[in-house]
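Worksheet: the structure to be examined is printed underneath.
Computed from heavy atoms alone, side chains included, the values below leave out hydrogens, waters and symmetry copies. The chain is numbered in sequence order, starting from 1.
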Amino acid sequence: MMDFTKVSNFLETLPGAGIPGTDLTIYLKGKEVYRKQTGFTDLEAKTPIAPDTLYPIYSMTKVITCVSAMRLNEEGAFSLNDPLYEYIPEFKNMNVRTVTDNGEVHILPAVNPIKVADLFTMSSGLTYNITPECEKLSKKTKGNYTLKEFAQALSKDPLYFEPGTHWHYGLSHDILGYLIEVITGKTLGKYFEDNIFKPLDMKDTFFRIPKNKEKRLIKCYEYDESSKKHKIQEFQPIRFDLDAKYESGGGGLISTIDDYAKFANALCAGGTASNKYRILSNHTIDLMRTNHLDDVRMQDYKWAHHRGYGYGLGVRTMVDKAAGGSNSNIGEYGWSGMAGTYVLIDPAADLTYVYAQQLIPSKEEYVAPRLRNVIYGCL
């Protein structure tokens with residue numbers, strides 16, 4: 001038996017860093033070898049985190065969206081080098097917003113079309129900046145619009161750079177979610193349900209939380225470093241209620257650690273789950289965890305806590321252990337969520353782990369690299 005005492009000891013230090021509660025599962029060869037919860041889902045009520053606690057996973061949704069889209073790629077529904085406008089005509093003849101050194105703004109026709117691959121690699125020219133057309137849509141619908149309506153509004157505004165030339169984190173995977181809808185004729189949630197959630201028995205993963213499961217939803221906090229006190233985080237970028245129409249492929253899912261581990265373990269096992277259901281081929285997964293960024297875009301992708309990583313088709317991927325100060329393996333991959341959820345998948349070690357917390361800002365730059373090195377130090 002491996003000794004994960006160092007992992008438990010590290011998790012017990014995190015309240016001192018302002019993390020109100022944690023949940024971690026570690027799998028080796030598809031078997032759970034470690035599980036621990038610390039802290040609380042509700043600090044005021046002192047409700048402890050439980051194994052079935054529900055978490056908004058925010059951007060960990062992106063991995064599910066990209067895997068779902070690559071299932072369609074395996075079926076020949078699109079090529080990565082196809083222009084996006086072949087499927088979503090609104091994105092034809094896009095404009096690009098450029099700003100001169102003296103601050104003048106110019107709107108010019110884009111030279112390149114957005115390719116489908118640009119959505120996967122965050123190279124489309126779409127960012128998380130709120131655009132005028134999307135503001136109009138939000139006012140018109142009182143903030144409750146469909147993915148189709150949002151994509152159509154977003155297409156009317158200029159891009160922030162020429163497609164394919166830079167990396168910028170943004171709404172690319174939301175539009176990738178809409179591409180799934182266009183190709184399949186299903187809502188994104190329905191496609192997820194039919195092709196990922198039901199086959200993998202992910203009963204606690206959804207865009208809209210059922211009434212009978214609301215009590216299991218963790219509260220999200222922010223932490224004041226000077227007073228060392230928490231307060232409820234009021235910022236809610238995504239609606240999870242039953243009346244919400246928008247299904248965000250970039251950040252809209254709620255899940256549990258156990259559910260997400262089923263998905264992650266299928267990827268670690270070459271794309272086939274323990275029940276023999278195949279979500280992707282190993283060849284496709286290898287393509288996803290290959291670094292797709294050139295030198296210019298690697299300079300754009302310079303998040304301090306992602307040192308040593310490149311960026312593939314919707315996932316970070318380890319390319320330089322020395323730069324990352326990492327004791328993990330080349331090719332380990334995954335992503336994280338805004339409030340601190342995190343997944344790492346390492347086929348070479350036959351390892352997956354899923355970590356969850358709810359704090360904004362998340363302190364991922366502190367927690368993630370330390371937790372990674374502690375876990376690998378126990379293997």
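Aromatic pair Tyr301/Tyr311: centroids less than 6.0 angstrom apart. For Tyr27 and Tyr34, the distance between ring centers is not under 6.0 angstrom.
Listed for the Gln358 side chain is no donor-acceptor partner under 3.5 Å among the backbone atoms of Ala339. Of the possible donor and acceptor atoms, one in the side chain of Arg289 sits under 3.5 Å from a partner among the backbone N and O of Gly331.
Taking OG1 from Thr53 and CG from Asp42, the interatomic distance works out to 11.0 Å, rounded to the nearest 0.5 Å.
The side-chain heavy atoms of Lys231 and Glu222, taken from C-beta on, include a pair separated by under 4.5 Å. Using a 4.5 Å heavy-atom cutoff, the side chains of Ile254 and Ile57 are not in contact. Contact of the Met338 side chain with the Ser362 side chain is not registered, since no non-hydrogen atoms from C-beta on lie closer than 4.5 Å.
By the 4.0 Å N-to-carboxylate-O rule, Asp201 lies close enough to Lys262 to be salt-bridged with it.
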Side chain to side chain contact (heavy atoms under 4.5 Å, CB included) between Asp258 and Met202, intermediate numbers included: CA-CA 8 Å; Asp258 288 336; Met202 296 170 65; over 6 Å; no
Listing, residues 163-171 side-chain donor-acceptor contacts under 3.5 Å, not counting sequence neighbours, or none:
from, atom 1, to, atom 2, distance (Å)
Thr165, OG1, Glu162, O, 2.6
His166, ND1, Asp300, OD2, 2.9
Trp167, NE1, Thr121, O, 3.4
Tyr169, OH, Ser59, OG, 2.9
Tyr169, OH, Lys62, NZ, 3.3
Tyr169, OH, Trp335, NE1, 2.9

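For Asn373, there are no side-chain hydrogen bond (donor to acceptor under 3.5 Å, both in side chains) partners, not counting sequence neighbours.
A continuous path of Ile, Leu, Val, Met, Phe, Trp and Tyr side chains, each step under 4.5 Å between heavy atoms, connects Met2 with Leu11, placing both in one hydrophobic cluster. Tracing side-chain contacts under 4.5 Å through hydrophobic residues (I, L, V, M, F, W, Y), one never reaches Ile107 starting from Leu126; they form parts of separate clusters.
Relative orientation of the His306 and Trp303 rings is perpendicular, given thresholds of 30° and 60° on the angle between their planes.
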